[in-house]
Amino acid sequence: MVAITLPDGNLRHFDRPVSGADLAAAIGPGLAKAALAVKVDGVVKDLATVIDRNAHVEIVTRSHPDALDLLRHDAAHVMAEAVQELYPGTQITFGPATETGFYYDFARNEAFTPDDLEKIEARMREIVDRDESIAREIWDRDQAVRWFREHGEQFKAEWVSEIPAEEQISIYRQGEWLDLCTGPHLPSTGKLGKAFKLMKLAGAYWRGDPKNPQLQRIYGTVWPDDKQLAQYLHQLEEAEKRDHRRLGREMGLFHFQEEAAGSVFWHPKGHTLYRMLEGYIRTRLGRAGYVEVKTPQLIDRSLWEASGHWDKFRENMFTAETEDRVLALKPMNCPGHVQIFRQGITSYRDLPLRMAEFGSCHRNEASGALHGLMRVRQMTQDDAHIFCMESQIEAEAVAFCDLLQLVYRDFGFDEVHVRFSDRPAVRAGSDAVWDRAEASLRTAVEAAGLPYVVNPGEGAFYGPKLEFVLRDAIGREWQCGTLQLDFVLPERLDASYIGEDGAKHRPVMLHRAIFGSLERFAGILIEHYAGKFPLWLAPLQVVVATITSDADDYAAEVKAALDAAGLRAELDLRNEKITYKVREHSLAKVPVLLVVGKREAEGQTVAVRRLGGKEQEFLALGEAVHRLSVEAASPAA
RNA sequence: GCCGUUGUAGCUCAGGGGUAGAGCAACUGAUUCGUAAUCAGUAGGUCGGAGGUUCGAAUCCUCUCAACGGCACCA
């Protein structure tokens, strides 16, 4: 007897083990047709899976939340089958579902072209029409290795032979094609449907290691129906419209050019945004007890040798030579800050010492890594190092997490992903010190109320770190803030303080940043706001636009009043229709338009039009200026 | 750095061996018109850069630079 509990609470009894398909058929013919898989006690399995004990079972159909992963994974298999039919000799390697679709990595000597994608897609549709049945088989390990070798699948053969001995070798066969896979899968290729699209070609290393052969990856997306596919493609278009590189150009914020790859030319408007951000965070840091310093751009190689950067970070550093010395452009501010700390004698009473710098750092990033403002070679960090005693770590870390959340909230980032990166295999410092460091950091992140995921072994060689990750408009994640504990640099650069006991002690350093880099954060904000900045950040806040030249004199008065209130305003006296002016300034994403004509001039009023708004508000000039200047205040003010 | 793709006017793009084209933007003139495009005209490019093939190269070949999409790396 098998008792199966359905999601609606109904209980079904069977006198012998029953497959998912049988169960669906027993419930109803419609469901039997729609069934893609079964979820047994919370685990999704093939429809053919035999349930031989009492269980809670759901039938997974296209509309089920778990259907998407099945479709994605199956689409990868169908694509691989199509590719091998069309391009014999191509080896299959690995092809998982992703957050928005799927990919499959192939090994083939000739490069796939964008035209090939169309052919592959067409063949995939044929395979769906063939409705090949998909079945799971358990193979003997040696048999599997032999089979893949004989069929020229070197990568698969390697993979199989490395599967742990206690695991079964599970093979999925669809039609005449087969692949090593843990599943689960759809019952047949016809169930995949045709709401898929191959998106792009890319290179990828076998097992993610640059030392391994490079494979060709084909990305695709798949959805339960055409409508959702169209919706997804539309979303991508919308995301593209708010790409910071595009908005940066359209709004005249910044540009890049070949001669300075990876470095930003900030235009007046973009630099206004930059200055607002810098001013904001400076205020926040000052209030949190930080002092601000400035340290040299070029420092002799001997200091970088002492700090360990010459050894660990050399390939990312730009160097310069003069006379017989080698200097390096600083990639980080920390060694400079230790030099300031070392001036004179520091008492435990001076700790914690929070030393901030808007340091312009240069890092020679790989050319392929450069990406608009998000990844540059010259960046300015909102950097600071907190020198403290070990006993102060936790309080400082908690205070930092609070400050960081306060800042992120000011920009509307309510969801922050936190990664906790713990001790790496290669590290400095004793295990006891690491135990303490990790424990204090964990306590801090928990005390700050931040959910986090552990990122095992990804900490810096000198200490564990927290990474604070924001997500951009196109779904890419960017690390912004960071908090790192460092027991090594104070030692290497011989920083010390005099303790209560009158003896010398090593301080601990906390490396921390909230924006990360001003460049990246600006880029994220441009995408986050889609260029429609809140008033305090908008490079140009108000345009005063006249209806006819009769209002020119009054418009100048309005502009003067805005200037006096410290608002960033421009005057538009051009001989153009007001509709033209409204359109132009709307496209330029100016937050506030003050329209003045004869009526306003006579009544000393303004017609306030908000970006994107349909309504106008008629206010007395003084009232309008007052309201706008209140609204334009920085959240840190 | 690796793989693939792309570089033509400020922007979006067409042209594909016989020495460059459109739309928008810009500029000039006219229009004084109350909330997302007034009309007319003018100007603008050594076709990313360097070599080569050719009587002739934006177009074909080689190298190189940059950008884009990934991979790897990272704020």
Side-chain angles (χ1 to χ4, degrees), chain A residues 103 105 108 111-114 116-117 199-219 240 243 245-246 249-250 252 255-262 313 315-316 331-332 361 363-377 379-383 458 465 467-470 474 476 478-482 484 511-521 523-524 545-552 573-588 593-600 607-616:
Chain A
Y103 66 79
D105 288 345
R108 176 176 182 240
F112 289 113
T113 67
D116 292 335
L117 293 192
M199 304 294 286
K200 56 198 174 193
L201 286 161
Y205 301 107
W206 170 239
R207 299 181 155 191
D209 188 335
K211 289 194 284 287
N212 287 338
Q214 187 148 28
L215 308 169
Q216 297 186 66
R217 176 171 297 180
I218 302 178
Y219 281 94
E240 206 176 301
D243 187 305
R245 293 164 299 186
R246 175 183 175 137
R249 187 179 56 235
E250 288 174 356
H255 85 272
F256 290 91
Q257 65 187 53
E258 283 194 26
E259 293 85 346
F313 213 69
E315 60 182 25
N316 285 300
M332 299 181 190
C361 293
R363 295 184 190 172
N364 195 1
E365 300 291 346
S367 56
L370 301 179
H371 182 95
L373 294 177
M374 305 303 201
R375 196 75 183 273
V376 292
R377 287 194 174 131
M379 58 159 169
T380 311
Q381 294 177 304
D382 61 321
D383 196 17
E458 292 297 313
K465 59 180 176 182
E467 294 168 8
F468 302 88
V469 177
L470 299 179
I474 329 176
R476 284 180 291 216
W478 296 100
Q479 186 192 323
C480 293
T482 185
Q484 312 174 3
H511 305 240
R512 39 108 298 156
I514 296 175
F515 288 162
S517 83
L518 281 153
E519 289 80 3
R520 174 177 293 177
F521 201 75
I524 288 169
T546 51
I547 291 176
T548 68
S549 55
D550 293 339
D552 284 4
L573 303 181
R574 290 175 305 171
N575 181 10
E576 295 289 353
K577 286 166 67 168
I578 192 62
T579 51
Y580 180 89
K581 295 185 184 182
V582 166
R583 177 180 155 82
E584 232 190 17
H585 297 120
S586 299
L587 289 174
L593 201 54
L594 297 185
V595 176
V596 296
K598 227 182 278 183
R599 290 205 297 266
E600 286 75 15
V608 183
R609 186 194 163 101
R610 297 283 178 160
L611 177 56
K614 295 268 184 282
E615 302 296 312
Q616 307 139 52

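In what follows, every chain begins at residue 1, and chains take the letters A, B, ... in the order their sequences are listed. The analysis underlying the following values was restricted to heavy atoms, covering all of them including side chains, and did not include hydrogens, waters or symmetry mates.
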**Q** Look at all strands and tell whether A/Leu215 reaches a base, only sugar-phosphate, or nothing, counting heavy atoms closer than 4.0 Å.
**A** nothing

**Q** Test for a donor-acceptor pair under 3.5 Å between the base of B/G1 and the side chain of A/Tyr205, counting only N and O atoms.
**A**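 Indeed there is one.
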
**Q** Taking ring-ring contact (aromatic ring centres under 6.0 Å, His included) as the definition, give me every residue that meets it alongside A/Tyr205, ordered by chain and number, with sequence neighbours left out.
**A**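 Scan of A/Tyr205 (ring-ring contact (aromatic ring centres under 6.0 Å, His included), adjacent residues dropped) gives none.
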
**Q** When the C1' atoms of B/G21 and B/A9 are compared, how many Å lie between them, rounded to an integer?
**A**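 Per the computed distance, 10 Å lies between those C1' atoms.
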
**Q** With a non-hydrogen cut-off below 4.0 angstrom, is A/Lys577 in contact with a base, only sugar-phosphate, or nothing?
**A**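 Base, at least one base heavy atom under 4.0 Å.
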
**Q** Considering only the P atoms, how many Å lie between B/C3 and B/A22, rounded to the nearest integer?
**A** 40 Å

**Q** How far does the C1' atom of B/C74 sit from the matching atom of B/G16, given to the nearest Å?
**A**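 After rounding to an integer number of Å, I get 41 Å for this pair.
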
**Q** Has the side chain of A/Arg363 got a donor or acceptor that lies under 3.5 Å from a partner of the other kind on the base of B/C73?
**A** no

**Q** Set out, line by line, the N/O atom pairs under 3.5 Å between protein and nucleotides 61-64 of chain B.
**A**
none

**Q** Students often get this wrong, so: under 4.0 angstrom with heavy atoms, is A/Leu201 touching a base, only sugar-phosphate, or nothing?
**A**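 Base: the residue A/Leu201, judged by heavy atoms under 4.0 Å, touches a nucleobase.
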
**Q** Looking at every strand, decide which applies to A/Glu615 at a 4.0 Å heavy-atom threshold: base, sugar-phosphate, or nothing.
**A** nothing

**Q** Could you tell me whether A/Arg217 contacts a base, only the sugar-phosphate backbone, or nothing, with contacts defined as non-hydrogen atoms closer than 4.0 Å?
**A**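 The residue A/Arg217 makes sugar-phosphate contact but no base contact.
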
**Q** Using a 4.0 Å heavy-atom cut-off, does A/Ala369 contact any base of the nucleic acid, only the sugar-phosphate backbone, or nothing at all?
**A** base

**Q** With a 4.0 Å cut-off on heavy atoms, is A/Arg599 in touch with a base, just the backbone sugar-phosphate, or nothing at all?
**A** base

**Q** Generate the contact string for nucleotides 24-32 of chain B. Rules: B means base contact, S means sugar-phosphate contact only, - means no protein heavy atom under 4.0 Å.
**A** -------BB

**Q** Ignoring backbone atoms, establish whether A/Gln479 has a side-chain N or O less than 4.0 Å from OP1 or OP2 of B/A75.
**A**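 So the side-chain polar atoms of A/Gln479 do come within 4.0 Å of the phosphate oxygens OP1 or OP2 of B/A75, strictly under.
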
**Q** Just to be sure I understand the rule, does A/Glu365 reach a base, reach only the sugar-phosphate, or reach nothing, if contact means heavy atoms closer than 4.0 Å?
**A** base

**Q** Classify A/Ala545 by what it touches in the nucleic acid, base, sugar-phosphate, or nothing, heavy-atom distance under 4.0 Å.
**A** nothing

**Q** Which value, rounded to the nearest 0.5 Å, describes the distance between A/Phe313 atom CZ and A/Asn364 atom CG?
**A**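 Taking CZ in A/Phe313 and CG in A/Asn364, the distance rounds to 10.0 Å.
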
**Q** Heavy atoms only, 4.0 Å cut-off, all strands: where does A/Ala366 land among base, sugar-phosphate and nothing?
**A**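 If one applies the 4.0 Å heavy-atom cut-off, A/Ala366 turns out to touch a base.
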
**Q** Heavy atoms only, 4.0 Å cut-off, all strands: where does A/Ala202 land among base, sugar-phosphate and nothing?
**A** base

**Q** Which part of the nucleic acid, if any, lies within contact of A/Tyr219, taking any heavy atom under 4.0 Å across all strands shown: a base, the sugar-phosphate backbone alone, or nothing?
**A** sugar-phosphate

**Q** Please give the distance between the C1' atoms of B/U54 and B/U5 as a whole number of Å.
**A**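 The same atom, C1', in both gives a distance of 29 Å.
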
**Q** When the C1' atoms of B/U28 and B/U6 are compared, how many Å lie between them, rounded to an integer?
**A** 37 Å

**Q** Do A/Ser549 and A/Asn575 have side chains that get closer than 4.5 Å, going by heavy atoms?
**A** no

**Q** Evaluate salt bridge (Lys or Arg N to Asp or Glu O under 4.0 Å) for A/Arg207 paired with A/Asp209, printing each intermediate quantity in order.
**A** CA-CA 6 Å; A/Arg207 299 181 155 191; A/Asp209 188 335; over 6 Å; no

**Q** Would you call the rings of A/Trp478 and A/His371 parallel, tilted or perpendicular, where under 30° means parallel and over 60° means perpendicular?
**A**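 Tilted, since the angle between the ring planes falls between 30° and 60°.
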
**Q** Would you please name every residue forming a salt bridge (charged side-chain N to carboxylate O under 4.0 Å, His left out) with A/Arg363, sequence neighbours left out?
**A** none

**Q** Could you tell me how far B/G69 sits from B/C27 if I compare only their P atoms? Round to whole Å.
**A**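 Pairwise P distance, B/C27 against B/G69, rounds to 32 Å.
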
**Q** Do any N or O atoms of the protein come closer than 3.5 Å to N or O atoms of nucleotides 46-49 of chain B, and which pairs are they?
**A**
none

**Q** May I ask you to say what A/Lys598 touches in the nucleic acid, namely base, sugar-phosphate or nothing, with a heavy-atom cut-off under 4.0 Å?
**A** base

**Q** Determine the interatomic distance between C1' on B/G29 and the same-named atom on B/A36; round to the nearest Å.
**A** 25 Å

**Q** Taking the C1' atom of each, how far is B/G49 from B/C65, in whole Å?
**A** 7 Å

**Q** Would you tell me if any nitrogen or oxygen in the side chain of A/Arg249 comes within less than 4.0 Å of OP1 or OP2 on B/U12?
**A** yes

**Q** Within the 4.0 Å heavy-atom criterion, would you say A/Gly208 contacts the bases, only the backbone, or no part of the nucleic acid?
**A**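 Sugar-phosphate only.
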
**Q** Which helical stems does RNA chain B take part in, if a stem means at least 3 consecutive Watson-Crick or G-U pairs with both distances below 3.5 Å?
**A** B:1-7 with B:65-71, B:10-13 with B:21-24, B:26-30 with B:38-42, B:48-52 with B:60-64

